[in-house]
There are 2 protein chains.
Amino acid sequence: MVRIRNMEEFATLSGVSRPTVSKYFHDPSSVRPKIRAQIERALEQYDYQPNIFAINQNRKLTKNIGIVVPYLADPFFAEIARNLEQRCLAAGFQPTLYSSHGQPDLEVGILSNLRRLKPAGVLLAPLGRVSNRAEIEKFCKDVPTVLFDSALDDVGLAFIGSDNPNLALQIVDYLCRSGEPPCFMEMKTPANPNANKRREAYLQAMAHFGQTPQIVKIEGIGWAFEEIGYTYGGAALASNAFATNTILCSNDRLAIGLLSACYEQQIRVGMTPGCAIRVAGQDDHPFSRFTCPPLTTVAQDYESISAKSLEILMQVIDGGAVDAAKTLFEGRLVMRQSA
Amino acid sequence: MVRIRNMEEFATLSGVSRPTVSKYFHDPSSVRPKIRAQIERALEQYDYQPNIFAINQNRKLTKNIGIVVPYLADPFFAEIARNLEQRCLAAGFQPTLYSSHGQPDLEVGILSNLRRLKPAGVLLAPLGRVSNRAEIEKFCKDVPTVLFDSALDDVGLAFIGSDNPNLALQIVDYLCRSGEPPCFMEMKTPANPNANKRREAYLQAMAHFGQTPQIVKIEGIGWAFEEIGYTYGGAALASNAFATNTILCSNDRLAIGLLSACYEQQIRVGMTPGCAIRVAGQDDHPFSRFTCPPLTTVAQDYESISAKSLEILMQVIDGGAVDAAKTLFEGRLVMRQSA
DNA sequence: ACTTAATTTTGTCGCGCGTAAAATTTTTTG
DNA sequence: CAAAAAATTTTACGCGCGACAAAATTAAGT
């Protein structure tokens, strides 16, 4: 069997002209069935693949889609990235995954790199407050970009995320109905993008139910939320910093750390007799159902968020207009034993 | 400010010839300091970047490195991938991250795609038993590939991983010294690549210490190890399937699930009075220290594995030969409260 | 100032494929 | 079945840069 060097050779061997072969690779259904069968027969025989660099050099937009998340070692983002990847593949695009690793300069670097790759579109979950807004804005002007998870006002084609006020309303409502109203635990300088929205949502929800809010801000820097929840959440617990026996954490990972601290301090968590406090989170992190006790939380609608994000991006890639600049999905209360 | 279309234009604007600019981008230190300063001054002014596709079309090897892991939503792989990514960047290469998502056909697809990208090298953690060995072997013949985490005999330039017998020896020794000898819990049809090696290592270690081994195989398919450990490990526990009160799990994620089941069944885990069983894992998963009780385990040497993997790959890329076909790192016993 | 070595410039070719326009073939339509 | 419409082939050019050779320039050493 011969090794094929280029499209010219392959075209000759399959008995079709090169431009037609080119057209076939661009869209197999764009050539007549007979010709298509001819090409595909040759394809099985010689297994030729067009040079990807030569292709993309002359195309304004490639078949690539960039997926950027702030921190891939966070299972929440790993999971949503996995979801998005598979959807891209199903849609006939080639996803490329990037993690900003919590570093704004890396985020900018990724976008800079992405721009050179001329992707058809980008799905970006920005770092949030610490993001270099100007750079991201510039990028979005050059490349069709849909933001998800965390919004930057007026940047990108659209934003898809969770309705934080709704999440808070659900969990706060539940916690108030089933016991003492919740205090809110968060990091003083939070790394995760949605932290501010969640605090505000908590305050709104508490006001809505006529309860007095209390926010406990703990130390700690970076993305090691479990560690932070364990160390500083545990310290807050030990020093009786919480006004009620119910703690709503800004996110599940902090709650997981806090649960660990509770265990160490022999503070029983839950609603059964003998339990001293209740702990709840937000996100429905993949591991939250395996904590001890299993964590009560509000789930983000991963599926809908990723589906809608890609849907909008596809719409724009296909030349359509964006119908909704902002789509927020409601949460789903997940009652487990911790609260 | 003018928008620059190509290297020719940029060369003119910076007062240097195009081949020299080309040389500069290939290696900035290869041009005279004065010329270099000239180019870099122009670079700041016009921010031009060479077309990445045109570059790679004419280079036999690009500055890309592919990183492939079997399942990115597993924090263990997410963490090691993060480590590798940053090392690649530091070495002046562009890492691209791929996850096989546990699917052998996806793994082959990724390699097929990677081949077209002409990467300088690839760091591959294969799926293991379910991998399409023939395809991976073919790939390794075309692209310099270092395997890590899970070996395929005689495939790739080298293999870097953990010394499973050593891991087992350490944890089994500790468990035997501190209480009853451990049973071994694993999946009947395990998804994670190292499972078989770990079973054998357990048997060897038990033999070494003159103990009678017992292996408990639980049901469950796929990568949702916590879920499987919780459901089927919990069932095994409820039916008294374990011969001793000490359970060594094939990996930490199974142990995390099992701990959750213990909590539900009100079986106290640990070494303090009142505790019915002990549970240990292997890996030192990022979340293992936050379980209740914190999980005793043997840590894999993430840092060394990723450092050595990239080191060998770099060596080969720079035209050197591989000195060691196989490098195994010892584990580190992590004593916590679960055993 | 002169020789020598190191760089840079000039010029030219090729990579593999996209793409447009014109010529030809095939299919559809009346 | 002829004419119109659609698809394909032919022809030709361009993309942006790597690679190389020969000529010109610059820098270093004596």
Side-chain angles (χ1 to χ4, degrees), chain A residues 2-43 46-64 94 113 115-120 142, chain B residues 2-43 46-64 94 113 115-120 142:
Chain A
V2 208
R3 223 191 44 236
I4 302 192
R5 307 191 160 280
N6 54 37
M7 197 179 275
E8 188 75 56
E9 266 187 44
F10 176 76
T12 307
L13 284 168
S14 59
V16 181
S17 75
R18 190 180 69 74
T20 304
V21 172
S22 170
K23 207 175 168 203
Y24 166 84
F25 277 109
H26 189 71
D27 174 10
S29 70
S30 71
V31 302
R32 221 178 299 152
K34 213 168 84 182
I35 301 280
R36 177 172 179 173
Q38 234 180 100
I39 294 177
E40 286 174 348
R41 200 168 337 118
L43 220 43
Y46 302 102
D47 105 291
Y48 155 79
Q49 288 184 283
N51 181 306
I52 205 164
F53 299 110
I55 289 178
N56 289 330
Q57 180 170 21
N58 298 316
R59 267 219 277 260
K60 50 247 149 195
L61 93 161
T62 68
K63 274 285 188 179
N64 293 6
Q94 181 61 42
N113 229 295
R115 177 187 274 119
R116 300 175 68 185
L117 292 173
K118 297 190 267 184
D142 298 347
Chain B
V2 207
R3 221 187 48 232
I4 303 195
R5 307 191 161 279
N6 54 37
M7 196 180 275
E8 188 75 57
E9 266 188 43
F10 175 76
T12 306
L13 283 168
S14 60
V16 181
S17 74
R18 188 179 70 77
T20 304
V21 171
S22 171
K23 207 176 168 204
Y24 166 85
F25 277 110
H26 189 70
D27 174 11
S29 71
S30 70
V31 303
R32 222 177 298 151
K34 212 168 85 181
I35 301 279
R36 178 172 179 173
Q38 232 180 104
I39 294 176
E40 286 174 348
R41 200 169 337 118
L43 221 43
Y46 302 104
D47 105 291
Y48 155 79
Q49 288 184 284
N51 181 308
I52 204 164
F53 299 109
I55 289 178
N56 289 331
Q57 181 169 23
N58 298 316
R59 267 218 277 259
K60 49 247 148 197
L61 94 161
T62 68
K63 274 284 187 180
N64 293 5
Q94 181 61 42
N113 229 294
R115 177 186 275 120
R116 300 175 66 185
L117 292 174
K118 297 190 267 184
D142 297 347

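Chain identifiers are assigned alphabetically (A, B, ...) following the order of the sequence lines, protein sequences preceding nucleic acid strands; residue numbering begins at 1 within each chain.
Straight-line distance from the CD atom of A/Gln57 to the P atom of D/dG18: 11 Å, rounded to whole Å. Atom P of nucleotide C/dG16 and atom CD1 of A/Ile4 are separated by 13 Å, given to the nearest angstrom. At whole-Å resolution of the value, NE2 in B/His26 and P in C/dT8 are 15 Å apart. If you take CZ of B/Arg59 and C1' of C/dG16, they are 17 Å apart, rounded to a whole angstrom. Distance CG (A/Asn51) to P (C/dG18): 10 Å, rounded to an integer number of Å. One interatomic measurement links the two molecules: CZ of B/Arg36 to P of C/dA6, which rounds to 20 Å at whole-angstrom precision. When rounded to the nearest whole Å, the span between CD1 of B/Ile52 and C1' of C/dG16 equals 18 Å. The distance from atom CD of A/Gln38 to atom P of D/dA7 is 18 Å, rounded to the nearest whole Å.
For the pair A/Met7 and B/Arg18, nearest-nucleotide mapping onto DNA chain C gives the more 5' position to B/Arg18. Looking at which nucleotide of DNA chain C each of B/Val31 and A/Ala54 is closest to, the 5′-most match is held by B/Val31. Comparing A/Arg32 and B/Asn58, the nucleotide of DNA chain D nearest to each residue sits closer to the 5' end for A/Arg32.
Here the nucleotide nearest the side chain of A/Ile55, chosen from C/dT8, D/dC17, C/dG18, is C/dG18.
Here A/Pro19 lies in heavy-atom contact (under 4.0 Å) with a base. Looking at heavy-atom distances under 4.0 Å, B/Tyr48 makes contact with sugar-phosphate atoms alone, never a base.
The backbone N or O of B/Ile39 lies less than 3.5 Å from no partner atom in the side chain of B/Ser14, so there is not a single donor-acceptor pair. Under a 3.5 Å cut-off, the side chain of B/Lys23 and the backbone N or O of B/Val31 do not form any donor-acceptor pair.
Considering only side-chain N and O atoms, A/Ser22 lies under 4.0 angstrom from the phosphate OP1 or OP2 of C/dG18. Note on A/Lys23: a side-chain N or O is less than 4.0 Å away from OP1 or OP2 of D/dT8. The side chain of A/Lys34 contributes no N or O atom lying less than 4.0 Å from OP1 or OP2 of D/dT8. Distances shorter than 4.0 Å separate none of the side-chain N or O atoms of B/Thr20 from OP1 or OP2 on C/dT8.
Between A/Asn6 and A/Asn51 there is no side-chain heavy-atom pair separated by less than 4.5 Å. Looking only at side-chain heavy atoms (C-beta outward), A/Lys118 and B/Phe53 come within less than 4.5 Å of each other.
Between A/Phe25 and A/Tyr48, the ring planes are perpendicular. Angles over 60° get that label, and only those under 30° would be called parallel.
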